[in-house]
Amino acid sequence: MTLLQDLECRLAAALAATLGEPATAAVTAAADLRFGDYQTNAAMVLAKQRKTNPRALAQEIIDHLELGGLATADIAGPGFINFHILPAAYAARVAELIRDPQLGVPPVGAGRTVIVDFSAPNVAKPMHVGHIRSTIIGDALCRIARFLGFTVIADNHIGDWGTQFGMILHGWKTLLDPAALDADPIPELLRVYRDVNALAKADPAALETCKNELVKLQAGDPDNLTIWRQCIEVSKRGLQKIYATLDVHFDHWLGESYYNDRLAGLVDEFVAKGIARESNGAICIFADGTRKPEDDPFMVHKEDGWTDNPTIIRKADGGFLYATTDLATIQFRIDEWHADHIWYVVGVPQQLHFRQLFDAAARWGKTGDFQHVAFGSILGEDRKLMKTRSGDNVQLTDVLTEAVDRAAKIIAEKSPDLQGAEAAEIAAIVGIGAVKFAELSQNRLTDYVFAWDRMLALQGDTAPYLQYSTVRIRSIFRKLDAPFDASAAAIILHDAAEVHLARLHARFGELLPAILEDFRPNLLANYLLELARAFHSFFEACPVLKSDEPLRSSRLALCELTGRILNTGLGLLGIRCPERM
RNA sequence: GCGCCUGUAGCUCAGUUGGAUAGAGCACCCGCCUUCUAAGCGGGCGGUCACUGGUUCGAGUCCAGUCAGGCGCGCCA
């Protein structure tokens with residue numbers, strides 16, 4: 001049980017005793033340390049309902065509170081009840097956490113399966129900076145959910161079938177340089193795609209040829225299928241390289257093409273069940289008529305009033321769309337993987353698509369907790385959305401290379417004794433970590449303008465700051481002469497810096513479940529910064545190896561627990577820690 | 001036309017779901033390495049939370065409206 005849960009239990013008992021009926025109220029971490037460690041506004045909320053004096057009610061509640069050796073409580077301001085955790089209680093909590101491999105994190109996801117749908121790049125096109133958010137946030141959510149006990153399936157729903165293949169096929173047949181493809185396939189594919197794109201724009205006949213190539217592919221033309229397979233193969237190899245660099249992993253790569261043979265039957269079923277019907281030659285899902293138009297994702301307001309806003313699941317030419325594929329994917333994930341939750345880490349512009357998708361799935365009888373984990377857009381220098389089609393965006397590989405180069409430069413400058421392979425390995429850990437942390441430390445809904453210095457910063461509130469604190473901890477243990485058993489150490493919280501460390505240790509398990517309530521990994525990022533800040537202050541104020549027993553063992557134990565939480569927390573964000581830097 | 005997102009320090013951003021005197025980093029100024037890694041620590045400067053009303057003990061947070069920027073709304077994904 002976390003300290004917060006403990007306080008809530010005791011508060012609930014006191015409320016019941018005070019009011020004569022069962023009642024619960026939330027306890028939160030205090031906003032300001034001057035007000036103690038935890039606080040509750042229960043008295044003010046309840047006094048309002050009962051029209052009594054909040055401070056008097058708070059006093060009554062405190063009179064009924066059994067806090068034992070855990071904390072003291074007092075009243076402040078308009079009727080806050082502030083809890084001050086006793087140092088001995090913090091020390092006991094630290095001792096518990098040291099023995100707990102889960103570091104106090106409750107297994108809130110046990111017994112439930114979640115599919116995380118993220119990254120999902122289109123093949124045959126390189127990933128650019130715009131792809132970074134889904135990839136990094138999705139991977140972090142997978143790691144966090146696993147740590148909380150969920151069964152997690154990370155699925156890369158790659159775009160391996162869309163209409164772009166018409167252009168790619170035409171380009172492959174007419175413009176491809178086999179030698180260049182052999183040497184480095186991704187840039188060559190990009191070149192071909194870009195050239196065909198320009199060609200099709202200028203020449204309607206070329207566009208027509210592209211469309212024909214697509215029709216042939218979808219009809220099962222053997223030549224086109226062969227090219228298609230080769231194209232996917234080389235693209236996947238390129239993607240795998242980037243994912244390896246990013247330390248991002250998938251359990252499955254079931255792209256759009258995987259669902260091809262289910263689409264026709266799905267459309268028939270939707271028609272048979274009356275969920276979809278023909279309109280202008282296309283098969284569409286319309287509003288079911290049970291809701292007010294403003295609440296219905298299949299209605300939209302135009303100049304002349306409310307009108308239909310259907311989802312098309314089969315085009316007039318017989319082709320299928322990504323809504324069709326997404327519906328088939330939901331069915332597969334529920335039937336084959338027994339998904340309780342599906343989280344789609346996809347940009348906010350697709351919000352309407354997901355509202356319609358989830359609504360259609362529900363009408364189809366597919367139930368589950370489906371969430372669109374939306375994120376804001378990465379904008380170009382002109383504050384406009386990055387154009388996925390132009391291909392002249394900053395490529396993801398370039399960002400990662402630059403990040404590692406910058407880290408290498410700082411290592412050469414600050415730690416000249418690190419050389420060769422070790423220095424290169426550290427540069428990779430630090431550089432990639434910085435990029436990931438820049439993304440994860442910010443609210444996912446915020447739009448931002450891509451800027452090298454912002455994404456690659458290595459000073460201040462960054463991954464290197466956190467990594468540096470773990471390096472300082474490792475350095476202490478490297479200097480240790482004898483083996484150290486933290487679980488045997490008596491915890492003594494002597495200085496204010498030590499109490500503050502313990503306070504933050506206790507909060508790790510309270511914080512992690514909250515992250516998934518609203519999919520906000522930045523809560524973890526901010527927590528880790530606070531913990532690292534507390535550690536650096538402790539490091540300056542409290543000598544560890546030079547202090548006398550029993551303080552020395554206690555401080556070593558605090559270092560070990562801090563290191564474990566920092567390493568675990570960074571690991572949950574997909575960021576590794578070097579031994580030294 | 002309607003809907004969604006955003007607007008907080010010079011810059012980049014947080015803000016625990018309505019709490020107490022709104023916080024970090026960068027930049028700038030002052031101090032700290034013969035002591036466990038100075039990628040660090042301590043201190044300072046910096047605010048009409050876009051604007052106007054409303055709800056209440058209390059609003060950056062909720063409601064209404066206005067302004068500014070971005071995105072979306074039938075055969076792309």
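Labels below follow one simple rule: chain letters A, B, ... track the order of the sequence lines, proteins then strands, and each chain is numbered from 1. None of the values given here were measured: they were computed from a predicted structure.
Contacts classified as salt bridge (Lys or Arg N to Asp or Glu O under 4.0 Å) and involving residues 449-459 of chain A (residues at least two apart or in different chains) are given here: R406(A)-D453(A).
Counting to the nearest Å, the C1' atom of C4(B) and the CG atom of L352(A) are 9 Å from each other.
Using modelled atom types, one finds no donor on one side chain facing an acceptor on the other under 3.5 Å when comparing H131(A) with S119(A).
Side-chain proximity of F286(A) to the nucleotides G74(B), A20(B), C36(B) is greatest for G74(B). Residue A282(A) places its side chain closer to C75(B) than to any other of A24(B), G1(B), C75(B).
The backbone N or O of I378(A) sits nowhere less than 3.5 Å from a side-chain atom of R133(A) that would complete a donor-acceptor pair. Between the side chain of D160(A) and the main chain of S257(A), a donor-acceptor pair closer than 3.5 Å is present.
Residues H157(A) and Y322(A) keep their aromatic ring centres 6.0 Å or farther apart. Between Y465(A) and H536(A), the distance separating the two ring centers is shorter than 6.0 angstrom. Taking the ring centroids of Y344(A) and F354(A), they lie under the 6.0 Å cut-off.
Taking a cutoff of 4.0 Å between a charged side-chain nitrogen and a carboxylate oxygen, R580(A) and D417(A) do not qualify as a salt bridge. Of the charged side-chain nitrogens involved, at least one lies within less than 4.0 Å of a carboxylate oxygen, so that E540(A) and R472(A) count as a salt-bridged pair.
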Return the polar atom pairs (N/O with N/O) between nucleotides 8-15 of chain B and the protein under 3.5 Å, or none.
{"residue": "U12(B)", "atom": "O3'", "partner": "R454(A)", "partner atom": "NH1", "Å": "2.7"}
{"residue": "U12(B)", "atom": "O2'", "partner": "R454(A)", "partner atom": "NH1", "Å": "2.7"}
{"residue": "C13(B)", "atom": "OP1", "partner": "R454(A)", "partner atom": "NH1", "Å": "3.1"}
{"residue": "C13(B)", "atom": "O5'", "partner": "R454(A)", "partner atom": "NH1", "Å": "3.4"}
{"residue": "A14(B)", "atom": "OP1", "partner": "N443(A)", "partner atom": "N", "Å": "2.9"}
{"residue": "A14(B)", "atom": "OP1", "partner": "T446(A)", "partner atom": "OG1", "Å": "2.5"}
{"residue": "A14(B)", "atom": "O2'", "partner": "N526(A)", "partner atom": "ND2", "Å": "2.8"}
{"residue": "G15(B)", "atom": "OP1", "partner": "R520(A)", "partner atom": "NH2", "Å": "3.2"}
{"residue": "G15(B)", "atom": "OP1", "partner": "N522(A)", "partner atom": "ND2", "Å": "3.3"}
{"residue": "G15(B)", "atom": "OP2", "partner": "N443(A)", "partner atom": "ND2", "Å": "3.4"}

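When the nearest nucleotides of RNA chain B are assigned to R355(A) and R34(A) by heavy-atom distance, the more 5′-ward of the two goes with R355(A). Positionally, the nearest nucleotide of RNA chain B for W306(A) lies more toward the 5' end than for the other of W306(A) and E579(A).
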- Query: Which nucleotides of nucleotides 38-46 of chain B have their base under 4.0 Å from a protein heavy atom (B), which only their sugar-phosphate (S), and which neither (-), written as one string 5' to 3'?
  - Reply: SBBSS----
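Between G3(B) and K302(A), no contact under 4.0 Å exists linking OP1 or OP2 to a side-chain N or O.
When the C1' atom is used for both U55(B) and G42(B), the distance is 44 Å, rounded to whole Å. Annotation: G46(B) and U6(B) have their P atoms spaced 30 Å apart (nearest Å).
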